[in-house]
Student: 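Below: one structure in structure tokens.
For reference, positions follow the sequence shown, starting with 1.
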Amino acid sequence: MKILALDTATENCSAALLMDATVLVREERLGRGQAARILAMIAELLAESGVPLSQLTAVAFGCGPGAFTGVRLAASVTQGIAFAAGLPVVPVSDLRAVAQRVLDLPGGARAVLVCNDARMHEVYWGAFVRGADEMAKPAATEHVSSPAAVTLPDGWDGMGVAGAGSGFAAYPELTSMLEGAGGRVWGELLPRAEEVAKLAVAEVRSGHLRSAQQAIPVYLRDDVARPLPA
């Protein structure tokens, strides 16, 4: 199985090429210029591996939620590659990708609350559990809301839930809430293409593939142009 993955939902621009048990990665934090850099990263990975686009199994991408322009960029680049090479696509939640980063860390966390900064005094958030295959599985619907509206799923109290994502760094009350419930927080973790590729493997094996035109961003927030509260 050969999966090309990319993620530009945050300032962490990254690409990965998964080839069975091997993963080649490119990653760089950028304030701007992601469009040019993600294309260069993909070209570098394909050149390093010697794998032509025609031999890929699928193209996976971080579909959001995240920065409007970043999520749209990942979807459009994925569409372009998939159309050109006749490949299927696999959208992967960026919140789920962050959860997978935590599950891959030492410590054996079983449940992860991910909160990514959505600006405008809100966070994108979702809850995930470790599946039998060691991959992050959604435990609830993903949301965008104020930090005060973030809650743990029923039955999670006392589980020592891990927390991750830029929302914890932006809103200390989230860290206090989770640490008060006995959890540990990784506020610096951002989504990466490496975890997007890993999570895409099970989707490919299960036949959950989409056509190029179905490489659609997930914004969660529809009113992206609303003003900040006074």
Side-chain angles (χ1 to χ4, degrees), residues 1-20 22-98 100-101 116 118-119 124 142 144 190-222 224-225:
M1 186 180 298
K2 298 179 179 65
I3 297 175
L4 175 66
L6 58 140
D7 194 279
T8 56
T10 68
E11 64 270 26
N12 196 42
C13 179
S14 60
L17 180 58
L18 182 148
M19 300 171 290
D20 298 320
T22 301
V23 183
L24 303 178
V25 299
R26 294 291 188 278
E27 182 179 352
E28 187 174 347
R29 294 205 179 193
L30 299 171
R32 60 180 63 186
Q34 286 202 0
R37 190 68 189 107
I38 193 64
L39 291 172
M41 287 178 174
I42 291 169
E44 291 168 10
L45 291 174
L46 295 174
E48 180 180 344
S49 66
V51 175
L53 285 175
S54 60
Q55 290 185 12
L56 293 177
T57 307
V59 183
F61 71 106
C63 64
F68 180 83
T69 54
V71 175
R72 186 174 58 183
L73 171 63
S76 62
V77 171
T78 298
Q79 279 192 346
I81 294 172
F83 271 124
L87 295 169
V89 304
V90 181
V92 174
S93 162
D94 279 287
L95 299 180
R96 189 180 175 201
V98 173
Q100 190 61 50
R101 288 194 67 175
N116 282 346
R119 311 300 181 187
Y124 303 116
E142 296 181 359
V144 57
L190 295 173
R192 303 186 304 187
E194 182 174 354
E195 284 73 34
V196 171
K198 290 179 180 178
L199 289 164
V201 170
E203 302 300 317
V204 172
R205 287 174 176 163
S206 300
H208 297 158
L209 299 168
R210 301 188 185 183
S211 61
Q213 58 264 37
Q214 291 176 306
I216 300 172
V218 173
Y219 299 119
L220 288 187
R221 177 194 287 145
D222 294 324
V224 294

Student: For R26, enumerate each residue passing the salt bridge (charged side-chain N to carboxylate O under 4.0 Å, His left out) test, keeping only those at least two apart in sequence or located in another chain.
Tutor: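 Per chain and number, R26 pairs via salt bridge (charged side-chain N to carboxylate O under 4.0 Å, His left out) with E44, E48.
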Student: Taking side chain to side chain donor-acceptor pair (under 3.5 Å) as the cut-off, I'd like each qualifying pair that reaches into residues 9-18, sequence neighbours left out, listed once.
Tutor: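 Matches after skipping sequence neighbours: N12-E27.
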Student: Please name all residues satisfying side chain to side chain contact (heavy atoms under 4.5 Å, CB included) with A35, sequence neighbours left out, ordered by chain then number.
Tutor: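 Here the qualifying residues are L73.
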Student: Can any side-chain N or O of N116 pair as donor or acceptor with the backbone N or O of Y124 at less than 3.5 Å?
Tutor: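 No, the answer is negative, given that no donor and acceptor are paired below the 3.5 Å cut-off.
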Student: Evaluate the side-chain contact (heavy atoms from CB on, under 4.5 Å) criterion for residues L18 and L4: first the C-alpha distance (whole Å), next the side-chain angles of each, then the deciding distance (0.1 Å), finally the verdict.
Tutor: CA-CA 6 Å; L18 182 148; L4 175 66; over 6 Å; no
Student: Are V77 and I42 close enough that some pair of their side-chain heavy atoms sits under 4.5 Å apart?
Tutor: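 The answer is yes; the side chains approach within 4.5 Å.
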Student: Counting distance only, does the side-chain N/O of S49 pair as donor-acceptor with the main-chain N or O of V51 below 3.5 Å?
Tutor: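 Checked: pair present.
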Student: For L209 and V204, run side-chain contact (heavy atoms from CB on, under 4.5 Å): C-alpha distance rounded to whole Å, both residues' side-chain angles, the deciding distance at 0.1 Å, then the answer.
Tutor: CA-CA 6 Å; L209 299 168; V204 172; 3.8 Å; yes
Student: Sequence neighbours excluded, which residues qualify as salt bridge (charged side-chain N to carboxylate O under 4.0 Å, His left out) partners of E28?
Tutor: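 Result, salt bridge (charged side-chain N to carboxylate O under 4.0 Å, His left out) vs E28: R37.
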Student: Kindly write out the residues that satisfy side-chain hydrogen bond (donor to acceptor under 3.5 Å, both in side chains) with E142, not counting sequence neighbours, or none if the list is empty.
Tutor: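 Testing E142 for side-chain hydrogen bond (donor to acceptor under 3.5 Å, both in side chains), a comparison that skips the adjacent residues, returns S93.
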Student: Which atoms form the tightest heavy-atom contact between V196 and A5, and what is the distance?
Tutor: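 Scanning both residues completely, I find the closest heavy atoms to be CG1-CB, 4.0 Å.
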Student: Of all residues at least two apart in sequence or in a different chain, which pass the side chain to side chain contact (heavy atoms under 4.5 Å, CB included) check with R32?
Tutor: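 Checked R32 against side chain to side chain contact (heavy atoms under 4.5 Å, CB included); zero matches.
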Student: Does a side-chain heavy-atom distance below 4.5 Å link R29 with L190?
Tutor: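 Yes, close enough: below the 4.5 Å cut-off.
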Student: How far apart are the closest heavy atoms of R192 and D7, and which atoms are they?
Tutor: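 Shortest heavy-atom contact: C-CB, 4.3 Å.
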Student: Heavy atoms only: give me the nearest V89-A212 pair and the separation to one decimal.
Tutor: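 In terms of heavy atoms, the two residues are closest at CG1-CA, 4.1 Å.
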Student: Which residue pairs pass the salt bridge (charged side-chain N to carboxylate O under 4.0 Å, His left out) test when at least one of the two sits in residues 77-96, sequence neighbours left out?
Tutor: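 Sorted result for residues 77-96: R96-E203.
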Student: Applying side chain to side chain donor-acceptor pair (under 3.5 Å) to Q214 and S211, what does each step give before you reach the verdict?
Tutor: CA-CA 5 Å; Q214 291 176 306; S211 61; 3.2 Å; yes
Student: Working to the nearest 0.5 angstrom, can you tell me the gap between C13 SG and L30 CG?
Tutor: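 Taking SG in C13 and CG in L30, the distance rounds to 5.5 Å.
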Student: Taking only residues at least two apart or on different chains, which pairs with a member in residues 209-218 satisfy salt bridge (charged side-chain N to carboxylate O under 4.0 Å, His left out)?
Tutor: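 Every pair satisfying salt bridge (charged side-chain N to carboxylate O under 4.0 Å, His left out) with a residue in residues 209-218: there are none.
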Student: If you look at every heavy atom in A118 and V144, which pair is closest and at what distance?
Tutor: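 Shortest heavy-atom contact: CB-CG2, 4.2 Å.
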Student: Evaluate the criterion side-chain contact (heavy atoms from CB on, under 4.5 Å) for residue pair V23 and L17; output intermediate values, then yes/no.
Tutor: CA-CA 6 Å; V23 183; L17 180 58; over 6 Å; no
Student: Please list all pairs passing the salt bridge (charged side-chain N to carboxylate O under 4.0 Å, His left out) test where one or both residues lie in residues 53-76, with sequence neighbours left out.
Tutor: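 For residues 53-76, and leaving out neighbouring residues, there are no salt bridge (charged side-chain N to carboxylate O under 4.0 Å, His left out) pairs at all.
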Student: Kindly give the heavy-atom pair with the smallest separation between A215 and A75, and that separation in Å.
Tutor: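 Scanning both residues completely, I find the closest heavy atoms to be O-CB, 3.5 Å.
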Student: Nearest heavy-atom pair of A9 and V71: which atoms, and what distance?
Tutor: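 Closest heavy-atom pair between A9 and V71: CB-CG2, 3.9 Å.
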Student: Nearest 0.5 Å, please: how far is CG in L45 from CE in M19?
Tutor: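 CG of L45 is found 8.5 Å from CE of M19.
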Student: Just to verify, what does Q100 make a side-chain hydrogen bond (donor to acceptor under 3.5 Å, both in side chains) with, not counting sequence neighbours?
Tutor: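 By the side-chain hydrogen bond (donor to acceptor under 3.5 Å, both in side chains) rule, Q100 matches D104.
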Student: Tell me which donor-acceptor pairs under 3.5 Å the side chains of residues 54-70 have, and how far apart each pair is, sequence neighbours excluded?
Tutor:
{"from": "T57", "atom 1": "OG1", "to": "K2", "atom 2": "N", "distance (Å)": "3.0"}
{"from": "T57", "atom 1": "OG1", "to": "K2", "atom 2": "O", "distance (Å)": "3.4"}

Student: So M1 and D20, do their side chains get closer than 4.5 Å, heavy atoms only?
Tutor: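 Heavy-atom side-chain distance check passes, below 4.5 Å.
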Student: Walk me through it: do M41 and L6 pass the test side-chain contact (heavy atoms from CB on, under 4.5 Å)?
Tutor: CA-CA 9 Å; M41 287 178 174; L6 58 140; over 6 Å; no
